[in-house]
Amino acid sequence: MAAHKEPVLDIIVVGAGFAGLYLLYRLRTLGFQTLVIEAADGVGGTRYWNRYPGARCDVESMAYSYSFSESLEQDWVWTERYAAQPEILAYANHVTDRFGLRKDIRFNTWVARAVFTETDGLWTLTSDEELSFGARFVIMALGCLSAPHRPDIPGISEFAGECYHTGYWPHQEVDFSGKTVGVIGTGSSAVQAIPLIAEQAAHLSVFQRTPNFSIPAWNGPLDEESQRHWKNNYRTLRAKAKRTSSGILNMDSDHCAAELSPDEQLRELDRRWQHGGLIMWNAFNDIMTDPASNELAASFVRRKIREKVKDRKTADLLCPEDHPLGSKRLCVDTDYYETFNRKNVTLVDIRSHPIEKITAQGVQTSHDSYALDVIVLATGFDAMTGPMMKIDIRGRDGVSIERKWSDGPRTYLGIAIADFPNLFMVTGPGSPSVLSNVLLAIEQHVDWISDCLCHMRSTGFDIIEASPQAEDDWVIHVNDVANPTLYTHSDSWYMGANIPGKPRVFMPYVGGAANYRELCNEVSDQGYTGFTMSKSAATAPRNTVVSANEQQRIDSQTFSQPRRNSTS
Ligand code: N01
């Protein structure tokens, strides 16, 4: 193994996205020697890589921001209701510089391998250039959607024109003007990019396999009054958001569909449509459990699509019929459906006539050939597990994460993994993450992990590990709450269904962000139930010396499990 080029640190964080930045701020403030390792040459994570035209957040800007610094909240000015990628990236850079984080981030370094050594209880991380870094703890802040999925379409490398993936977009502007462009995919990235590409391109062909439900953003400049409202009430609004199932205000509903009259149902759907954005997801509180309730919202959106799209056949093709609304991530758009009324835009149905191959000239389906200058792959990500699996992570006895997760992710709370001591994840599989306002989810995980590390420091332990029993129970619980829902009724990336060969397992925790937060707090309040803590043989006592009795008591402790019924 390569010798460490740096001294052994307390903590290495992998990834300088929003999770990595807050981790660095928090851990440094708490006195831990921390280094962040980042593959890119800048901060921002997902917001660094996803630079495609139209990229923006789908949670409103005022809420899609850190809450840990009141002065930051007050000083930063968001200009639009849904901020565009350059503004979000500018925010990430502002936070980095404001809190002096950059000096502890090592850029342009791809972590290829992470190995735990039992003899000294340390992790060794090795870069693809064989640089080696040692630390007591590793925190994977990799993001859930950071491993782009480039489909294995025959001939894809033969294409003679320009080819871009939305999740790996070039830094220089891509000029589509006068060009014949094909976009493959119709998920959130495509839905944001298509209207802008269509404005420039001579002709745009959209290759659609599965239509998605998209709700208008009604994006626009943020007026002073709503900014003032947020800034004057940030503490109350954040606290309120934390008590919701998604961390997003105005989302939860008190009513199941059947409690409302048809008029009331329609009014509620219309109110949410007029408000715009993700809140359509929860128009009724049984929308993701009762197919009839879901169908009310789904057919409402289909009617809206048919009102917007003039050509009947195109409108029909754009209407999702094969999955419940929200079982694939809802898209939030500006003029997506309207774009199909343009003369220079064609919707190509690759469900009926699949893409057979990509040639040097363009795309060939089973029905036709499309000559293209540019192909945009808006084909998504190997979500949630992909970023972890791209690193060769080895825990106890050399067990690899690849083997451990071969039948789907196994975690405790989405934060820790049995057999992988001292390794934490932020927004890992088995946590609400992508089903919630991810900024709040990140802050909750970072705060919880930081508190846990402080607890260990003050009690003299330096090894923490999720127990296999706690992990088993958590995996069962994650499945138990997901299985009765409609989330499992579609071929979504939540299910891993978009990646050939990936196990079909619902990966996020659907039991609600507020419930989840309570569960995590219960675990820590009760002395980190489900975890075992110990001292590494090779480590001198750190800070507090723990008595032999106390040491023995804690070493041998098999903690009881968190109460599961509080979330079901
Ligand atoms: O990816 P997706 P995305 N041949 O997986 C199609 C977040 N996000 O990058 O559905 C042909 O949703 C695939 O078709 P199908 C957000 O959470 C957020 O758009 O598998 N087509 C689908 O249409 C989102 O959900 C924002 O049949 C192929 C598309 O490609 C997540 O990222 C913005 C194919 C992939 O859609 C992922 O979104 C953007 C093939 N071989 C993204 N392979 C915000 O607004 C795949 N497809 C915050």
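As the structure lists them, so they are numbered: ligands from 1, and atoms in each ligand from 1.
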Note the single closest protein heavy atom to atom 15 (P) of ligand 1, along with its residue, its atom name and the distance in Å. T210 OG1, 3.4 Å
Distance filter under 4.0 Å to R56 heavy atoms, resulting ligand 1 atoms: 44 (C), 45 (O), 48 (C)
Checking the N or O distance criterion of under 3.5 Å, is ligand 1 in contact with N498? no
Please confirm whether I355 approaches ligand 1 to less than 4.0 Å, judged on its heavy atoms. no
Can you list the steps and then say if L372 with Q361 is a side-chain contact (heavy atoms from CB on, under 4.5 Å)? CA-CA 6 Å; L372 300 170; Q361 289 74 35; over 6 Å; no
Which of the atoms of ligand 1 are close to K328, meaning less than 4.0 Å from one of its heavy atoms? 10 (O), 15 (P)
Close approach, Y52 and ligand 1, non-hydrogen under 4.0 angstrom: yes
Distance from atom 1 (O) of ligand 1 to nearest protein heavy atom, with residue and atom: G380 CA, 3.1 Å
Between Q208 and ligand 1, find which residue part has any heavy-atom pair under 4.0 Å and reply side chain, backbone, both or neither. neither
Going by the angle between their ring planes, with limits at 30° and 60°, are W78 and W76 parallel, tilted or perpendicular? perpendicular
Do any nitrogen or oxygen atoms of Q192 lie less than 3.5 angstrom from nitrogen or oxygen atoms of ligand 1? yes
Evaluation steps, salt bridge (charged side-chain N to carboxylate O under 4.0 Å, His left out), between E162 and K179: CA-CA 10 Å; E162 303 158 63; K179 292 180 182 161; 3.0 Å; yes
Measuring only between side-chain heavy atoms, which start at C-beta, is V376 closer than 4.5 Å to I197? yes
Quick check: F381 and ligand 1, any N/O pair under 3.5 Å apart? no
Give me the atom names and distance for the closest heavy-atom approach of Y82 to G277. OH-CA, 3.7 Å
L145: numbered ligand 1 atoms lying under 4.0 Å from its heavy atoms: 7 (C), 17 (O), 31 (C), 32 (O)
Heavy-atom nearest pair, F506 first then A482, reads CD2-CB, 3.6 Å
Would T314 and D311 count as a side-chain hydrogen bond (donor to acceptor under 3.5 Å, both in side chains) here? Give the steps. CA-CA 5 Å; T314 306; D311 177 64; 2.5 Å; yes
Is R47 in contact with ligand 1, taking contact as a heavy-atom separation below 4.0 Å? yes
Which of K502, K390, E402 passes side-chain hydrogen bond (donor to acceptor under 3.5 Å, both in side chains) with T385? It is K502
Which segment of T379 sits under 4.0 Å of ligand 1 when only heavy atoms are counted: both
Does NZ or CZ of R51 come closer than 6.0 Å to the centre of the six-membered ring of Y48, within 45° of the ring's axis? yes
List the closest protein heavy-atom neighbour of atom 40 (C) of ligand 1: residue, atom name, distance to the nearest 0.1 Å. R209 NH1, 3.5 Å
Would you check if the distance from the ring center of H323 to the ring center of F213 is below 6.0 Å? yes
So H165 and F381, would you call those rings parallel, tilted or perpendicular, with 30° and 60° as cut-offs? perpendicular
What's the spacing between D58 CG and S214 OG if we round to 0.5 Å? 10.0 Å
With salt bridge (charged side-chain N to carboxylate O under 4.0 Å, His left out) as the criterion, how do R272 and E268 come out once you've worked through the C-alpha distance, each side chain's angles and the decisive distance to 0.1 Å? CA-CA 6 Å; R272 286 179 185 251; E268 183 58 10; 2.7 Å; yes
From atom 26 (C) of ligand 1, work out which of P500, A383, S188 has a heavy atom at the shortest distance. S188
Which of the listed options, P151, A55, G185, holds the heavy atom that is closest to atom 6 (C) of ligand 1? G185
Among all protein heavy atoms, pick the one closest to atom 23 (O) of ligand 1 and tell me residue, atom and distance. T186 N, 2.8 Å
Within the 4.0 Å heavy-atom shell around G187, which atoms of ligand 1 are there? 12 (O), 19 (O), 23 (O), 29 (C), 36 (O)
Is there a heavy atom of I350 sitting under 4.0 angstrom from any atom of ligand 1? yes
Starting from atom 9 (O) of ligand 1, which protein heavy atom do you reach first, and at what distance in Å? S189 OG, 2.6 Å
Show me which atoms of ligand 1 lie under 4.0 Å from any heavy atom of I184. 11 (C), 21 (N)
Starting from atom 35 (C) of ligand 1, what is the nearest protein heavy atom, named by residue and atom, and what distance separates them? A378 O, 3.3 Å
Does D349 pair with R209 as a salt bridge, N-O distance under 4.0 Å? no
Look at atom 31 (C) of ligand 1 and say which protein heavy atom is nearest, naming residue and atom and giving the distance to 0.1 Å. W493 NE1, 3.6 Å
